[in-house]
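Okay, so here's the structure we're looking at.
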Amino acid sequence: MPYRLFCLLMAAVGIQAQQTPSINDTQIINLTPGLATQCGFSFKFDPMGNAMFFASLQNCFSQNMAVASGYKMTVVFSPSKNVMNVDEVQRKGYAIANTPTRLVLRSPHNAEETYLQNVAGVPMRVLSTSTFFEQKWLVTRVDATAVCPTPEAVAFTPEVITWYMPKHIDPLFSSDAFTMLEVYMGIDAKRLDTEEMAARNYSVLVTEAHIIVEIPVGAVGGNFKSHIQDDQYFVTYTIEPMLELLWIEEVAHENTSYKVLFPITTPPMARPPQVRNLPPSVTGNCDQENFHITVDYRNQEPFFVVLVGKRLLNHEFAQQYLTEGDTDFTITLPFSSPDAVFESVHSSVRSRLDVALLNPYNNMTIKYFSLACSFLKTLTECFSNGTMTALAVKVESAPGLNPGQLTLSDPACGPTYSDDRFAYFHFTVNSCGTTRKFINNVMLYENEISLPDELEVKLNATTSSEEEYQLKVSCYYVANITRTLAFLTRPRDNEPFAETGTGRLMVRMRLAQDASYNTFHQEEDYPVVTYLRQPLHFEVELTTSSDPKVALVLDHCWATLNEDRDSRPRWNLIINGCENPEDPYRVVFHPVEADARVRFPPHVKRFEAYMFSFAGDAVEPSGQVFVHCDVVICDASSPTGGPCSGQCVNQDNLKRGQRHVKDLFEERHVYVSSGYILWV
């Protein structure tokens, strides 16, 4: 079975060869275009006019390459069946050489023996060969095929370049049964990760028949070039995308890898020349929570694109973080934004934000600005019930760190929550290897967040760094202390009223684990940890009544930073039974149907709210909220206005008015609160 690698034809062979003689250090070789193609060299200029020279590791003059000796080598080209020896191959402009384990055959794109083939509707240029190595009693045959894209594989609009590649490149496979394992995109032979692709607005779409690459005209990674034609000004945009593909043939169980670098240049586009003065200025400062970067473009049109961290400032980004002035704009970003990097963590968090202004025609940097500040943030919290929480952050000096692999002193104690930047720990002071010592009248509990030893060794091996990741966390409690308790009275909002009947009405609020409302968080689950903007599913239930005439209505619901429902700040979720119209993420009421658990649906109300943070702690990595509700118990048989009219029956009447005395005798208020909910 032949081995195949593509574009540069290389095949593994089990034969021996002599090395080429070394070249004298003083010898100068004139590298013509033809010789460069044969020997694996290329040459171009970057947008600044600097010469860029590229050499293949398998080039003609590398010490591991040699022309075949000790046997006769013959090359047969398909489909023409032309047969050539080594000298004839080289005279035709091809190059052929080998190492003890590889055959290398190079060809110009439009060589005589190449041919066009339509593959899934995409024109591709193909070179197919069979090479024979003949000795006295042995003939070895190596088949190799290269398939390269053509300019016809690209479509242009003034805004977007679209490159079509077949998903199944027929000439490369011996069967139709294959599985695609990997698809990677890069620019200038450098593979990009998904974050970098998103920042540049590149996209790769894999369909049933094609791999479709879309690149915005003017995107980072390419460059513009000016042209004058018939006294008119034009520009072209050039970029060199790369695709790396890996398939496995299901019958032979052999991998086929494919890598192609494909320079693309747009047709000339008519654009007026731009005349510019001095570059814009960039300044910045920090407050307790945010970076503030101001770009002043001095009465000019802002002829640049902005790169914040690794992300381009697009429309969606600008809507959220940018404030415009007459001749400037200000970007305000939280210190914990993914666009910033954490430099160090001690008693404070030192975070840095890098901003670059780029020329959209050639992507060269017009202005670079970096701002680093220290932010006083509580990374460890101590609770009176003997619970500790700690937040570990990934720092710039440990780029290979996976926060999810961090543990406490006991390696069995991993994070409650983690992502690619944070790890959040929640544990008790008598667990996870926490130590205790007494200092006078204080009990000090200490633990340490780090990588297990075997992972620390792997991290140092990948980052060429011997720096260990260690974060000490501690809590102290006063062993003996006397607290003074005070209370104040305040007037009632209304006079107490009597109710008919006997018995006690009990109401509870629970946080469901999902939208099914089948399972709920228990007391030991708190604090519940969730992401910002993730839905929270609340259920409020009248638990002790079997009266079908009684109905439960949510009059008001709100959130606070602590357990005190009267504390400030406060954000209203439900007002007079309706969604808060000022809330950008309004609550959603869910209907309740009778089932095995819910006997009387009027006794239950369900609503969905989205996890949020208060403006004052919008960038606190471990923010918290409590949710409270003012619940009204009504006589469902005689709704006479007010909250007993039903859940949000009049959304236009959101202001509380004076209620009739009769209403007070037909409703009863009960207050309920949720447990402690954390966001990260």
Side-chain angles (χ1 to χ4, degrees), residues 1-11 77-81 105-130 143-157 159-187 189 191-192 194 197 201-217 219 222 238-267:
M1 178 65 67
Y3 296 83
R4 298 169 175 167
L5 285 91
F6 308 104
C7 285
L8 169 66
L9 299 185
M10 303 189 340
F77 292 88
S78 299
S80 66
K81 305 301 183 183
L105 178 62
R106 293 191 184 87
S107 166
H109 280 287
N110 297 312
E112 181 180 345
E113 303 300 331
T114 64
Y115 60 94
L116 283 174
Q117 180 173 337
N118 190 301
V119 182
V122 179
M124 305 287 284
R125 186 159 290 278
V126 183
L127 177 67
S128 184
T129 67
S130 296
D143 293 338
T145 300
V147 184
C148 295
T150 64
E152 290 75 18
V154 182
F156 300 98
T157 70
E159 294 80 26
V160 178
I161 298 169
T162 305
W163 172 23
Y164 294 88
M165 278 289 293
K167 182 179 178 182
H168 184 281
I169 304 178
D170 297 333
L172 302 184
F173 295 97
S174 58
S175 72
D176 290 332
F178 74 97
T179 301
M180 177 163 279
L181 302 179
E182 296 178 358
V183 178
Y184 292 104
M185 181 191 172
I187 294 293
R191 185 184 290 185
L192 300 177
T194 53
M197 288 180 59
N201 289 325
Y202 301 158
S203 72
V204 176
L205 175 65
V206 180
T207 68
E208 191 67 27
H210 298 98
I211 299 167
I212 304 172
V213 177
E214 289 192 344
I215 301 172
V217 173
T238 299
I239 192 167
E240 187 173 285
M242 174 188 74
L243 275 179
E244 291 183 274
L245 312 177
L246 179 65
W247 304 271
I248 183 170
E249 294 194 56
E250 297 173 2
V251 177
H253 299 290
E254 291 185 341
N255 287 353
T256 297
S257 61
Y258 181 88
K259 182 175 182 178
V260 55
L261 284 68
F262 188 38
I264 299 174
T265 299
T266 66

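Throughout, residue positions are numbered sequentially from 1 according to the sequence presented. All values below were derived from every heavy atom in this structure, side-chain atoms included, with hydrogens, water molecules and symmetry-related copies excluded.
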Query - Which atom of Ser128 lies closest to which atom of Thr145, heavy atoms considered - result: OG-OG1, 3.4 Å
Report task. Can you sort out the partners of Glu240 under side-chain hydrogen bond (donor to acceptor under 3.5 Å, both in side chains), two or more places apart, ordered by chain and number? Result -> none
Query - Pairwise distance OH(Tyr184) to CG(Leu192) - rounded to 0.5 angstrom - result: 12.5 Å
Query raised in the report: Does Glu112 have any side-chain hydrogen bond (donor to acceptor under 3.5 Å, both in side chains) partners at least two apart in sequence or in another chain, and if so, which?
Result: Lys92
**Report entry** Pairwise distance OG1(Thr207) to CD1(Ile212) - rounded to 0.5 angstrom
**Finding:** 5.0 Å
Query raised in the report: Closest approach of Pro241 and Ile187, non-hydrogen atoms and distance?
Result: CA-CD1, 3.7 Å
Report task. Please lay out, stage by stage, how Phe262 and Val213 fare under the test side chain to side chain contact (heavy atoms under 4.5 Å, CB included). Result -> CA-CA 12 Å; Phe262 188 38; Val213 177; over 6 Å; no
**Report entry** Distance in Å, Trp247 CH2 paired with Thr179 OG1, rounded so as to fall on 0.5 Å steps
**Finding:** 12.5 Å
**Report entry** Pair Val217-Glu159, side chain to side chain contact (heavy atoms under 4.5 Å, CB included): steps then yes or no
**Finding:** CA-CA 5 Å; Val217 173; Glu159 294 80 26; 5.7 Å; no
Query - Non-hydrogen side-chain atoms of Glu214 and Leu205 separated by less than 4.5 Å - result: no
Query raised in the report: So, do Thr129 and Ser78 sit near enough that their side-chain heavy atoms are less than 4.5 Å apart?
Result: no
**Report entry** Sole residue of Thr265, Ile264, Val122 in side chain to side chain contact (heavy atoms under 4.5 Å, CB included) with Val154
**Finding:** Ile264
Query - Ser107 and Glu113, any side-chain heavy atoms less than 4.5 Å apart - result: no
Report summary line: Taken to the nearest 0.5 Å, the spacing of Glu208 CD from Lys167 NZ works out to 5.5 Å
Requested in this report: Taking the side chain as every heavy atom from C-beta outward, state whether Phe77 and Leu127 have any pair of such atoms under 4.5 Å apart.
Outcome: yes
Report task. Identify the heavy atoms of Ala209 and Ala120 that sit nearest to each other, and give their distance. Result -> O-CB, 4.2 Å
Query raised in the report: Under the side chain to side chain contact (heavy atoms under 4.5 Å, CB included) criterion, do Ser80 and Tyr115 qualify, and how do the steps go?
Result: CA-CA 10 Å; Ser80 66; Tyr115 60 94; over 6 Å; no
Query raised in the report: Which heavy atom in Met197 sits nearest to a heavy atom in Val204, and how many Å separate them?
Result: CE-CG2, 3.6 Å
Requested in this report: List for me each residue that meets side-chain hydrogen bond (donor to acceptor under 3.5 Å, both in side chains) alongside Thr162, sequence neighbours excluded, and say none if there are none.
Outcome: none
**Report entry** Closest non-hydrogen atom pair, Val260 against Pro149
**Finding:** CG2-CD, 3.6 Å
Query raised in the report: Does His210 use its side chain to pair, donor to acceptor, with the backbone of Gly121 at less than 3.5 Å?
Result: no
Requested in this report: Taking Tyr258 for its side chain and Val147 for its backbone only, find out whether a donor-acceptor pair lies under 3.5 Å.
Outcome: yes
Query raised in the report: Taking C-beta and beyond as the side chain, do Met242 and Lys259 meet within less than 4.5 Å on heavy atoms?
Result: yes
Report summary line: Value for CE (Met165) from CG (Leu243), rounded to nearest 0.5 Å, stands at 6.0 Å
**Report entry** Side-chain heavy atoms of Met185 within contact of Ile215, under 4.5 Å
**Finding:** yes
Query raised in the report: Which value, rounded to the nearest 0.5 Å, describes the distance between Leu246 atom CG and Asn255 atom CG?
Result: 5.0 Å
Requested in this report: Please tell me if the side chains of Ile161 and Phe156 come closer than 4.5 Å, counting only heavy atoms from C-beta onward.
Outcome: yes
Report task. Would you indicate whether the side-chain heavy atoms of Asp170 and His168 approach each other to under 4.5 Å? Result -> yes
